[in-house]
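Structure first, then comments.
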There are 2 protein chains.
Amino acid sequence: MLTEERHQIILKQLQLHNIVKLQDLIPLTGASESTLRRDLQDLEECHKLQRIYGGAQNILSYHDEPALSQKISTNTDEKDSIARYAGDLVQNNEVIFLDAGTSVQAIIPYLSKATDLLVVTNSVVNASILADYQIETFVPGGKLKASTKALVGSTTTKTLTAFHFDKAFLGTNGFSVKAGYTTPDPEEADTKKIALSNSNESYILADGSKLEQVSFTRFANLDEATLITNELPVKSLELLKTHTKVMEVK
Amino acid sequence: MLTEERHQIILKQLQLHNIVKLQDLIPLTGASESTLRRDLQDLEECHKLQRIYGGAQNILSYHDEPALSQKISTNTDEKDSIARYAGDLVQNNEVIFLDAGTSVQAIIPYLSKATDLLVVTNSVVNASILADYQIETFVPGGKLKASTKALVGSTTTKTLTAFHFDKAFLGTNGFSVKAGYTTPDPEEADTKKIALSNSNESYILADGSKLEQVSFTRFANLDEATLITNELPVKSLELLKTHTKVMEVK
DNA sequence: GGAAGATTATGATTGATTTTGAATGAATTT
DNA sequence: AAATTCATTCAAAATCAATCATAATCTTCC
């Protein structure tokens, strides 16, 4: 990888995240720590970024953000920690499906560690972000649902039926022992069902706020996918674990 | 292989990847390292590229380019007046195709006047914006091309082949009397070709800076579409009008 | 039309320059 | 006080510019 390519990757990361850790750049570029330190030095001299302890930040960053040194070291955001956990599950060379929705979207930055991925997503927003990360992406066709910017309908389901995934990552509007995983829109539920049944392993990303929420359409029973969530009340967790595999983050 | 052929290969690689390694050019051209170094020297002297350690990059390197969001707002006046003109052509109840690219993207705000549209686009960015405007949208499936965020490949072309449009609006990297409408990527050219041939009326949106620019792949002859552009030198305009229908805005 | 000479392009070799990754100890954070 | 992160140094690796001999192409002249 050429110097200029690394510089572009670093600046792209900053555009997207406003901040970047040096350690995260290592797998992203394949370069050594020393080289990346030199890159950060160079870019700082050109006033393209500002170095901070542990990495670098955008030169135009807002003052009202939480202390940057904290933000970089601690991952307070629940969605982000769930996403990071999920992203670490992905291996080189896999074909994975990403559902629409912000929970799943947060995985994308953590996919860069794996190489030679093929990502299939029915979200045009996810697709755009995946392109920013230079991750090979395939989009099934379909009708665009305005509210969620997800592709749905017969074209989508027909296309997805022909695919097979190593792992599928889905969001949900609610999960409950009685009702399973539910979502408001039957058409989106169809998409989720197919992705789920065509994947070796399926994961649902859902923070604690989705516990015992029930929406209109069930797209899966609890035991059809692994639930990745954050800290839940001990009682609920115990109950859930009798029905399905649960990964509790942090 | 002739010198000129090698130069074309090098420039094509740059158009596609924005950056190229000298080592990658060796198998691509079959020439020796020394020869390719000389090629890069020559092309740099003609200001066709910029040499960097290990290879070369486009003169307008990525991070010097205005960010995508800025890029939309700069040049607004010309692009926007062209887009407004194009948008006014759209009637109620029509099915239209929107190409990827900022010129075409600028049409979207002006589509809201027409009712009951169905828009088909191969750009995930356009799709997202169309959703914001609550315009009914269909996206053909396909491989996502990272640099332009356009969907390309056999799935895309196959899907589009089954459709028929009232009007198609396309961007171009250049237009010229000799070379017609051209674009760097052959796969994107395929998509444009099909959209064009499956549409009752086809329009190319291009500001004056595209005049007499020639890119790698021709996707249409001048007379296969109506050109919507802004003020051009009178001579060029007269010449163009002998070859195709031209709409001059402003 | 063809041969001799001049010009140009090519590929290999050389040593100089630049970049890289690892190691060390100092500085910083928690 | 422990753990990271940082700056500095150094040797190895990669890339570069310059040179030279050879091959290809073009001129010129017979």
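Both backbone and side-chain heavy atoms feed into the values below; hydrogens, waters and symmetry mates do not. Keep in mind that this is a model prediction, so the values were computed, not measured.
Straight-line distance from the CD atom of B:E4 to the C1' atom of C:dA9: 14 Å, rounded to whole Å. Counting to the nearest Å, the P atom of D:dC16 and the CG atom of B:L25 are 11 Å from each other. Separating the NZ atom of B:K21 from the P atom of C:dT19 is a distance of 16 Å, rounded to the nearest angstrom. Atom CD of A:E33 is separated from atom P of C:dG25 by 17 Å (rounded to the nearest Å). As a whole-Å value, the separation of B:D39 CG from C:dG11 C1' is 13 Å. Computed from coordinates, the B:D42 CG to C:dT10 P distance equals 10 Å when rounded to whole Å. Between B:E44 atom CD and D:dC16 atom P the separation is 11 Å, expressed in whole Å. Residue A:L36 contributes atom CG, which lies 13 Å from atom P of D:dT5 at whole-angstrom precision.
Phosphate contact (OP1/OP2 of C:dT10, side-chain N/O of B:R6, threshold under 4.0 Å): present. Between A:Q23 and D:dT4, a side-chain N or O to OP1/OP2 separation shorter than 4.0 Å is absent. Neither OP1 nor OP2 of C:dT19 sits under 4.0 Å from any side-chain N or O of A:R37. In this model, the phosphate group of D:dA7 is approached by a side-chain N or O of A:R51 to a distance below 4.0 Å at OP1 or OP2. For C:dT18, neither phosphate oxygen OP1 nor OP2 lies less than 4.0 angstrom from any side-chain nitrogen or oxygen of A:T3.
Taking the six-membered ring for Trp and the full ring otherwise, A:F97 and A:F163 have centroids separated by 6.0 Å or more.
The residue among B:Y53 and B:S34 whose nearest nucleotide of DNA chain C lies closer to the 5′ end is B:S34. Taking the nucleotide of DNA chain D with the nearest heavy atom to each of A:Q41 and A:L2, the more 5' of the two is matched to A:Q41.
No donor-acceptor contact under 3.5 angstrom links the side chains of A:Q105 and A:S123, judged on distance only.
For B:R38, the side-chain atoms get nearest to C:dT10 when compared with the rest of C:dT10, D:dA7, C:dT20.
Ionic pairing of A:K167 and A:E94 is present here: one or more N-O contacts between side-chain nitrogen and carboxylate oxygen are shorter than 4.0 angstrom. B:D132 and A:K149 are joined by a salt bridge, as a carboxylate oxygen and a charged side-chain nitrogen come within less than 4.0 angstrom of each other.
Among the heavy atoms of the strands lying under 4.0 Å from B:I52 are primed sugar atoms or P, OP1, OP2 only; no base atom is included.
Checked against A:V90 for a side-chain contact (heavy atoms from CB on, under 4.5 Å), the options A:I107, A:V119, A:D166, A:L117 give a single hit: A:L117.
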